[in-house]
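In what follows, every chain begins at residue 1, and chains take the letters A, B, ... in the order their sequences are listed. A quick note: this is a predicted structure, and the numbers were derived from the prediction, not measured.
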Amino acid sequence: MVLTWPVGIGRTTQRDQTSGHSRRKLLGAGVLLVLGGTVTPLTGCDLFDRDDEPTPPPDPLRPMVDESLALAAAYRASATAHPELADRLNPIAETHTAHATELARVIGVTLPSAASAAPSTAPAADPNGARAALRALEKTAQQSATAACAAAPAERAALLGSIVAARATHQEALK
Amino acid sequence: MRQPSAGEALASALSAEYAAIYAYGRIGVRLSGAARDAARQAEAAHRRRRDALVVQLTTAGGVVPPDRAGYALPFPVTDRASALRLAAEVEERTAAHWRAALASTTGADRDQALAALVEYAVRATRWRKTAGLTPLTVPFPGRPT
């Protein structure tokens, strides 16, 4: 193949690292699940791809990668705001990053840069409020992982079960 | 590696529940107060799952593994500290058996396995908190290490 794709005018392509930013900005607290398909790869290629190579549907676990990274970022932000909680929060942040890494490996994507996963809201001013907010995030995330585990093929069920359980144990650890 | 059938996975979980119930018999006598109450509740949960599994496996015509008179504990239980450590270990190990059942099950059976994995993982964290062990959580509960 000697064709090269036009880079597009004023748009980002799949290879453009900045595309991760525009996507992540959409990552509000509760809208994680609707993502995954928002950045259509190589928009400039529609002319060639139209009939014979439909874009494969995004992996159903793709949003969970972003969700895990967003959780890790929320913990890091709270640990920075409340250094007295750092010993408790940092290991949990690392766990969420480990989940994102494992999920990305399973679905065959490169792990997006964790540094750009900024939390959607600033941590609460008081430590108890910050902990309660993290517990609420974990609860919601546990529910989404539970749904993913129920729907998953056999080879993914155990990993997803561990992620559900981890999110439950985090709520307990934050009490 | 061949994936075990649902019946085999649940039979393995049942064997783990037998061992957990045995272990809590040794744990409870070393504890007092709130920790003893928590051990009693934990043991009751394992008994409920054992009973449900026996019914489920019998109804399905599967093999129901027999309970044994005794189980080897990973370390001796001699005092409160070792009892709490064993309680955390028991929960983690039974959680691992239920996690293994996830891949072999679907629908309501998988929901049941996931509920057990989550419950035991959370209880392991509680025991670690009571025992003063760190970290309180592990990254992948139930995953073989």
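- Put simply, of A:C149, A:A151, A:A150, A:P153, the one with the most heavy-atom pairs under 4.5 Å next to chain B is A:C149.
- A:E94 has no carboxylate O lying under 4.0 Å from a charged side-chain N of A:R76, or vice versa, which leaves the two without a salt bridge.
- Salt-bridge formation is not detected for the pair A:R131/A:D126: no Lys NZ or Arg NE/NH1/NH2 atom is positioned less than 4.0 Å from an Asp or Glu carboxylate oxygen.
- For the pair B:R68 and B:Y22, the NZ or CZ position fails the cation-pi test of under 6.0 Å to the six-membered ring centre and within 45 degrees of the ring normal.
- For A:H99, the parts lying near chain B are the backbone and the side chain together; criterion is any non-hydrogen pair under 4.5 Å.
- When heavy atoms are compared at a cutoff of 4.5 Å, B:P141 approaches chain A by way of both its backbone and its side chain.
- Contact annotation for A:L159: both backbone and side-chain heavy atoms come within less than 4.5 Å of a heavy atom of chain B.
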>> Is there a side-chain hydrogen bond (donor to acceptor under 3.5 Å, both in side chains) between B:Y71 and B:R26? Walk through the geometry before answering.
In response: CA-CA 11 Å; B:Y71 292 84; B:R26 301 300 190 84; over 6 Å; no
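- Proximity to chain B is limited to the side chain of A:Q142, based on heavy atoms less than 4.5 angstrom apart.
- For A:E155, no part sits under 4.5 Å from any heavy atom of chain B, backbone or side chain.
- Ranked by non-hydrogen atom pairs under 4.5 Å with chain A, the options B:L136, B:L117, B:T105 are led by B:L117.
- In this structure, a donor-acceptor pair under 3.5 Å is present between the side chains of B:S12 and B:H97.
- If you measure heavy-atom distances from B:R143 to chain A, the contacts under 4.5 Å come from both the backbone and the side chain.
- A side-chain hydrogen bond (donor to acceptor under 3.5 Å, both in side chains) with B:E43 is found for one member of B:R40, B:H46, B:R47 and no other, namely B:R47.
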